[in-house]
Amino acid sequence: MSVLEQLNDKQREAAMQLEGPVLILAGAGSGKTRVLTNRTAYMIDEAGINPWNILAITFTNKAAQEMRERIDRLVGFGSESIWVATFHSTCVRILRRHIDLLGYDTNFTIYDTDDSKSVMKEVLKRLQIDTKQYPEKRFLNRISNCKNELSSVEDEERDALGDYADEMFAKVYREYQAGLKKNNALDFDDLLMKTVELFTSFPEVLENYQNRFLYIMVDEYQDTNTAQFELIRLLSAKNKNICVVGDDDQSIYKFRGANIRNILDFEKVFPNAKVVKLEQNYRSTQTILDAANAVIANNSSRKDKKLWTDKGEGEKIRFITVDTAYEEAERIVDLICADKRAGKCDYRDNAVLYRTNAQSRLIEEKCVMAGIPYSVVGGVNFYSRREIKDILAYLKTIDNGKDDLAVRRIINVPKRGIGATTISKLADHAAATGQSFYDCCVAAEEILGHGRAAEKIAEFVELISVFKSKLEFITLEQLVDDILERTDYEAMLEESDPDDAQERIENIGELVNKVVAFEEQNDEPTLSQFLEEVALVADIDNVDENADKVMLMTLHSAKGLEFPNVYLAGMEDGLFPGYMSICADDPEEIEEERRLCYVGITRAMDKLTISAAGSRMIRGETTRNPVSRFVKEIPQELMQGKAPAKMQPKVQPQAGPVKVKPFVTKAKPFAYLTKGSQISSTGAPDYGPGDRVAHMKFGQGTVTEMVKGARDYEVTVDFDNAGVKKMFAAFAKLKKL
DNA sequence: CGTACTAGTCTTTTT
DNA sequence: GACTAGTACG
């Protein structure tokens, strides 16, 4: 019984209930992963359940990986045959086997949001819809919502009757789906919806999986949307052995279609469900838990829970108010530095959490200046960076020429003299004949006739087919290297934007690392498999906790993680809770933000620091915001330092952000941060070789070289902390010291 | 066909 | 303020 001995009474109760529906309401830090893993181990080792009959679903690859590793450590053998995967990858695996029943090819490609946008653009162009009046994003959002709610094109057409806007939407929806299908592609939401469609249209396929997955577990259940709920309901309908783990207080993905009712109504949908509450927290001090409890208590629709710990009171919560966001970043970085110098922590023990990605920039800058190693999670997804998408587009084109978007992306990257007119001629022909774009490239001479254009296309086709023929003999790593070499891709980067070239080349290096890792992890790695894996990664999946770096991330990304020291930055009304949620009529909006705050507070193990700035730049404009209402919901006695008296709202408390005239902040201390402050279009910079200068991102350094270029000076600076950098004077905004 | 400039959007969060 | 897409021009 050793796997159960590691659990407390409540946890054990949840782990031992294998039959029937089980809802585990697991508060933050209550050891839910431990319950899931030990429950699984118990199933296999004690209850004699075949691991092959177990399905465990998570939201991120990271969570899936972690769960599998932990089960591995507990179970003697057999853990590799458990199906542990994310919702999306589970669906992909199922669809790869059966989607032909729905009229798709089983080697479909998965489109990311960028790709979807391109498809939508074409649709709107074809339907002659004015994108100024109806931006593509609005359609895409609505389609996404429909799919999350399992509403098909037909459903929308039926419901639209008579309403002009709804009918137009239904038409766009139909065309968009047709566009995806033509490219043999599915978008993220399709993965779920098509799987549900498959199961409802072909009961024999569903039954096949029902017979396999006798025991189903779902992690982070509070974040499931209707499609995910339906998927689970269908899979478990026959055996009813469904165990879900979640915390309604941590439901923070409503914008993505998550339906909090899924967890709140679990007992109604699954009668006779056993409900277990886990309220003992093993992560945080009592002070932190008291603060979290006090904040979340302000929400109305929730399952009553109260976290407790035997870890002791711990340190008080530190609350810092400063005038500007710059000072906020400085203070946070200083505090981390001081702790590190005093030997109280490693860098990796610290996380700075914020509401919006844009907030990371200032903190990054201060980290660079202070020479602190840091790592930013999120922002622009690694796989959506231009250079990465380019290389992937090459790989997709080589893998199968069916993805028109990929082919068109790289047909003239790097520039090989193929212009817009040539491309649209080929695209028109492809549309008219139903062929793929790449097929038309192969037959370019017949379509375009003899000439320069056809020749250029032929060269491109030749390039791709050389790669294709090599594919069998070389490793994926060699293939990527070969692509880079033959296209002279890096040279193109250097030429087109020297400023970012280095970073982009590093990113490509990172991609190569991932390729190598992929080949090491798989016995028979194929290009298709690699592309598939890459399509479904989230930023959080790539977080390396072992590196000794301060972690910077949004509150959303932080869910599921824990750190000894947590800094919650930008605790201001208007930023967090966001302006939109304050203005919304629906009180549920604020409650969602409050849950996000609860998530943030409960990430902290030992010490929590909260900060607010009197003014900050938001969207290029300086705004003044009062201290966040959430801070005021934390009892005074838990906080260290003064009450937020001087930060009280200045004029009208309820009026939201007050805009301030720009000159207030563009004043002295950061004058060198403003664009073009010391270089006029005609004159030379006021510094030269040998001078000491300051850069907003890299800190201080010495100018070693200055070359006059066509329209600007190219300056080489040896920075004290950031090394030698080459940059253009007009962009670098260097300030002479 | 390629470049350079302009206008417009974004900033709430993401598989 | 930062980035992107679209357009006008060479």
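In what follows, chains are A, B, ... by sequence order, proteins preceding strands, each numbered from 1. All figures in this text were calculated on a predicted structure; none of them were measured in a lab.
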### Task
Under the salt bridge (Lys or Arg N to Asp or Glu O under 4.0 Å) rule, what do E365(A) and R361(A) come out as? Steps first, then yes or no, please.
CA-CA 6 Å; E365(A) 283 166 13; R361(A) 219 192 80 231; 3.2 Å; yes

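- Within the nucleic acid shown, I418(A) comes within 4.0 Å of sugar-phosphate atoms alone, with no base atom in reach, counting heavy atoms only.
- Using a 4.0 Å cut-off between a side-chain N of Lys or Arg and a carboxylate O of Asp or Glu, D573(A) and R629(A) qualify as a salt bridge.
- As a whole-Å value, the separation of Q359(A) CD from dA2(C) P is 16 Å.
- Comparing dG6(C) with dT11(B), their C1' atoms sit 22 Å apart, to the nearest whole Å.
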### Message
Generate the contact string for nucleotides 10-15 of chain B. Rules: B means base contact, S means sugar-phosphate contact only, - means no protein heavy atom under 4.0 Å.
### Response
BBBBBB

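- Looking at heavy-atom distances under 4.0 Å, K62(A) makes no contact with the nucleic acid at all.
- Distance check on atom P: dT13(B) versus dT4(C) gives 15 Å, rounded to whole Å.
- Contact annotation for N412(A): backbone-only contact, meaning every heavy-atom pair under 4.0 Å involves sugar-phosphate atoms and none involves a base.
- Salt bridge present: D115(A) and K389(A) bring a charged side-chain N and a carboxylate O closer than 4.0 Å.
- Relative to the six-membered ring of F437(A), R408(A) meets both conditions, a distance below 6.0 Å and an angle of at most 45° to the axis.
- Electrostatic pairing of E589(A) and K254(A) counts as a salt bridge here, judged by a charged N lying under 4.0 Å from a carboxylate O.
- Among the heavy atoms of the strands lying under 4.0 Å from K415(A) are primed sugar atoms or P, OP1, OP2 only; no base atom is included.
- The pair E593(A)-R355(A) meets the salt-bridge criterion, since a charged nitrogen lies less than 4.0 angstrom from a carboxylate oxygen.
- For the pair E621(A) CD and dT9(B) P, the computed distance is 16 Å after rounding to whole Å.
- One atom, CG of L124(A), and another, C1' of dA5(C), lie 15 Å apart when rounded to the nearest Å.
- Atom CE of M492(A) and atom P of dG2(B) are 13 Å apart (whole Å).
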